[in-house]
Amino acid sequence: MALVAARGTLLRAGVRLGTEAAACGRNGTRRSASHRVLVEPDAAAGIATIKFKNPPVNSLTLEFLTELIICLEKLENDKTFRGVILTSNSPGIFSAGLDLREMCGKNPAHYAEYWRAVQELWLKLYVSNMILVAAINGASPAGGCLMSLSCDYRVLADNPRYKVGLNETLLGIVAPFWFRDTLVNTIGHRASERALQLGLLFPPAEALQVGMVDQVVPEDQVHSTALSVITQWLAIPDHARQLTKSMMRKATTDNLIKQREADIQNFVSFISRDSIQKSLQMYIEKLKQKKS
Ligand SMILES: CC/C=C\C/C=C\CCC/C=C/CC(=O)SCCNC(=O)CCNC(=O)[C@H](O)C(C)(C)COP(=O)(O)OP(=O)(O)OC[C@H]1O[C@@H](n2cnc3c(N)ncnc32)[C@H](O)[C@@H]1OP(=O)(O)O
């Protein structure tokens, strides 16, 4: 059902499904029919690299989310691929998180469609049967950080500009319970409480110390490190690893699934508030002014 909804969005956005399917082909060549998601398949190794390509900052627009969801679903259903590396096609920015313009000045139906797609991406990532490794080659605030937290392993490039964290409170918004749960499952309750309230964005050394990432490596070694991690994980029998992953994570996703519609309604009413719209507009303005 979610895939049908996602396809509806893509069709409205003018993306042809035939070419979209080709984007996740497995003959070893890069296919780029999908505009915002590049897939580099290595069928022999059973690994695909997904590269985000949604300039300028890989923010999660509805179209980008939809392409990612469909791409992940296709890889999930193709038994050739057992492992996926998520990275950015534009080193410097992994992902700026949710697209602020999707949450500003739109109508409730749009907010609901958008939030359903955000939920869907998280559900696809968090309990994927595949081994997911985030090769974080740039800044990764909020929703960008959530994507990497939803992977099985995180490798961060050692650059002080590449901060990671859930900074929602700095925007005057609140990370929903399933963002919180994903963080708590990764770094524990006390560290999450502090990080979430203060909206902390951690530079690499601190991110490693608190457990937001598993490894920090020189920038030019992020992809090769992710590959060698995935190769180690591939040595574990799939059925045992998948059941273990499910045992660790399913309660967290079930919690959202059982209150998915209520979570959408919460989001719509929260984001539609005048005060929240004002906060978001001010934040967008601040980003603009930073440039001048
Ligand atoms: C009770 C509770 C109930 C329900 C709760 C419900 C919901 C609330 C929770 C919603 C969850 C939200 C999670 C999110 O992901 S919010 C998004 C947070 N993201 C950020 O804070 C990142 C902001 N961006 C940056 O910090 C920098 O842009 C970045 C470090 C990523 C890159 O810096 P750089 O200097 O390289 O680029 P900029 O010049 O800043 O930006 C270039 C242009 O891109 C635009 N931009 C940046 N980020 C975003 C974004 N997230 N969405 C849309 N657009 C973005 C920026 O404005 C520039 O645009 P132009 O000026 O060129 O037009």
Side-chain angles (χ1 to χ4, degrees), residues 36 52-65 68 88-106 108 110-122 125 136-150 156-157 159-183 195-204 207 212 255-256 259-292:
R36 300 165 187 84
F52 309 146
K53 188 186 174 206
N54 195 29
V57 290
N58 290 329
S59 59
L60 296 169
T61 57
L62 184 56
E63 289 175 5
F64 180 43
L65 278 170
L68 255 178
S88 167
N89 194 50
S90 324
I93 312 280
F94 182 73
S95 166
L98 303 198
D99 189 277
L100 297 163
R101 288 172 181 90
E102 298 280 10
M103 301 189 286
C104 236
K106 303 276 198 300
H110 177 85
Y111 296 142
E113 183 180 19
Y114 183 63
W115 198 245
R116 188 181 296 282
V118 176
Q119 290 176 333
E120 188 61 26
L121 177 66
W122 177 71
L125 290 171
I136 312 167
N137 53 349
S140 190
C145 179
L146 182 76
M147 283 197 286
S148 64
L149 291 172
S150 306
L156 174 61
N159 183 322
R161 288 186 300 113
Y162 298 174
K163 295 183 181 161
V164 300
L166 298 181
N167 62 328
E168 281 79 358
T169 53
L170 302 185
L171 286 73
I173 55 180
V174 181
F177 69 89
W178 41 283
F179 282 45
R180 174 207 62 201
D181 292 345
T182 309
L183 186 65
L196 284 170
Q197 288 197 48
L198 298 176
L200 295 179
L201 288 169
F202 298 94
M212 298 282 290
N255 206 19
L256 173 62
Q259 43 189 327
R260 195 164 176 180
E261 298 308 317
D263 184 61
I264 292 172
Q265 286 320 309
N266 270 346
F267 173 75
V268 173
S269 68
F270 180 79
I271 216 74
S272 304
R273 285 186 203 166
D274 284 348
S275 58
I276 300 300
Q277 287 290 307
K278 274 196 193 114
S279 291
L280 290 176
Q281 276 152 9
M282 277 167 54
Y283 190 75
I284 293 173
E285 216 33 61
K286 230 167 68 187
L287 285 175
K288 279 209 174 100
Q289 279 165 12
K290 189 187 72 177
K291 279 181 167 171
S292 49

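Whatever order the structure lists them in is the order used to number ligands and atoms, beginning at 1. Only this structure's heavy atoms are used, side chains among them; waters, hydrogens and symmetry mates stay out.
Checking side-chain atoms of Ser90 against main-chain N and O of Ile93 turns up no donor-acceptor pair under 3.5 Å. Between the Ser95 side chain and the Asn58 main chain, a donor and an acceptor come within less than 3.5 Å of each other.
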Please evaluate residues His110 and Leu62 with respect to the criterion side-chain contact (heavy atoms from CB on, under 4.5 Å), reporting the C-alpha separation (whole Å), side-chain torsions for both, the decisive distance (0.1 Å), and the verdict.
CA-CA 10 Å; His110 177 85; Leu62 184 56; 4.3 Å; yes
Please walk me through it: do Thr169 and Leu198 pass side-chain contact (heavy atoms from CB on, under 4.5 Å)?
CA-CA 7 Å; Thr169 53; Leu198 298 176; 5.9 Å; no
Go through it in stages, so that I can follow the logic: the residues are Tyr162 and Phe94, the test is side-chain contact (heavy atoms from CB on, under 4.5 Å), and I'd like the CA-CA distance, side-chain angles, deciding distance and then a yes or no.
CA-CA 9 Å; Tyr162 298 174; Phe94 182 73; over 6 Å; no
Quick one: do Leu68 and Leu125 satisfy side-chain contact (heavy atoms from CB on, under 4.5 Å)? Show the steps, please.
CA-CA 10 Å; Leu68 255 178; Leu125 290 171; over 6 Å; no
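Per-residue contacts place Gly143 under 4.0 angstrom from the following atoms of ligand 1 (heavy atoms of the residue considered): 14 (C), 15 (O). Near Gly97, the atoms of ligand 1 lying under 4.0 angstrom from a non-hydrogen atom of the residue are 15 (O). Atoms of ligand 1 lying under 4.0 Å from at least one heavy atom of Pro56, given by number and element, are 43 (C), 44 (O).
By the 3.5 Å distance cut-off applied to N or O atoms, Leu100 is counted among the residues near ligand 1. The distance criterion of under 3.5 Å between nitrogen or oxygen atoms is met by Leu98 with respect to ligand 1. Annotation: Asn266 places no N or O atom under 3.5 Å from an N or O atom of ligand 1; distance criterion only. When only interatomic distances are considered, the shortest N/O to N/O separation between Leu171 and ligand 1 does not fall below 3.5 Å. By the 3.5 Å distance cut-off applied to N or O atoms, Tyr283 is counted among the residues near ligand 1. Backbone and side-chain nitrogen or oxygen atoms of Glu168 are examined, and none is located within less than 3.5 angstrom of a nitrogen or oxygen of ligand 1. Any N or O atom pair closer than 3.5 Å counts here, and Lys288 shares no such pair with ligand 1.
With hydrogens left out, the protein atom closest to atom 62 (O) of ligand 1 is Lys291 NZ, 2.4 Å, a heavy atom. Nearest to atom 41 (O) of ligand 1 among the protein's heavy atoms is Val57 CG1, 4.0 Å. The single protein non-hydrogen atom nearest to atom 5 (C) of ligand 1 is Val174 O, 3.5 Å, given as residue, atom name and distance. Distance from atom 54 (N) of ligand 1 to its nearest protein heavy atom, with residue and atom name: Arg101 NH1, 3.0 Å. Nearest to atom 7 (C) of ligand 1 among the protein's heavy atoms is Phe267 CD1, 3.2 Å. Shortest contact from atom 40 (O) of ligand 1 to any protein heavy atom: Lys290 NZ, 2.6 Å. Closest protein heavy atom to atom 18 (C) of ligand 1: Ala142 CB, 3.5 Å. In terms of protein heavy-atom proximity, atom 32 (C) of ligand 1 is nearest to Ile93 CD1, 3.3 Å.
Between Glu120 and Arg260 there is a salt bridge, with a side-chain nitrogen of the basic residue lying less than 4.0 Å from a carboxylate oxygen of the acidic one.
Between Trp178 and Asp263 the shortest side-chain heavy-atom distance falls below 4.5 Å. A heavy-atom distance below 4.5 Å is found between the side chains of Trp122 and Thr182.
At a heavy-atom distance under 4.0 Å, only side-chain atoms of Leu287, from C-beta outward, approach ligand 1. In Ile173, the part holding a heavy atom less than 4.0 Å from any atom of ligand 1 is the side chain. For Leu146, no heavy-atom contact with ligand 1 is shorter than 4.0 Å. At a 4.0 Å heavy-atom cut-off, ligand 1 touches Pro141 through the side chain alone. Under 4.0 angstrom from ligand 1, there are no non-hydrogen atoms of Leu170.
Rounding to the nearest 0.5 Å places CG of Leu146 at 9.0 Å from CG of Leu183. Summarising the geometry, atom CD belonging to Gln277 is positioned 13.0 Å from atom CE belonging to Met282; distances are rounded to the nearest 0.5 Å. Residue Ile276 holds its CD1 atom at 11.0 Å from NZ of Lys278, rounded to the nearest 0.5 Å. We find the CG-CG distance between Leu65 and Leu121 to be 6.0 Å, quoted to the nearest 0.5 Å. Rounded to the nearest 0.5 Å, atoms CG (Leu170) and OH (Tyr283) are 6.5 Å apart.
Taking 4.0 Å as the cut-off, Ile284 does not count as a neighbour of ligand 1 on heavy-atom distance.
Between the side chains of Ser59 and Asp99, at least one donor-acceptor pair of N or O atoms lies under 3.5 Å.
Of the options Phe270, Phe94, Phe179, the smallest heavy-atom separation from atom 4 (C) of ligand 1 is shown by Phe270.
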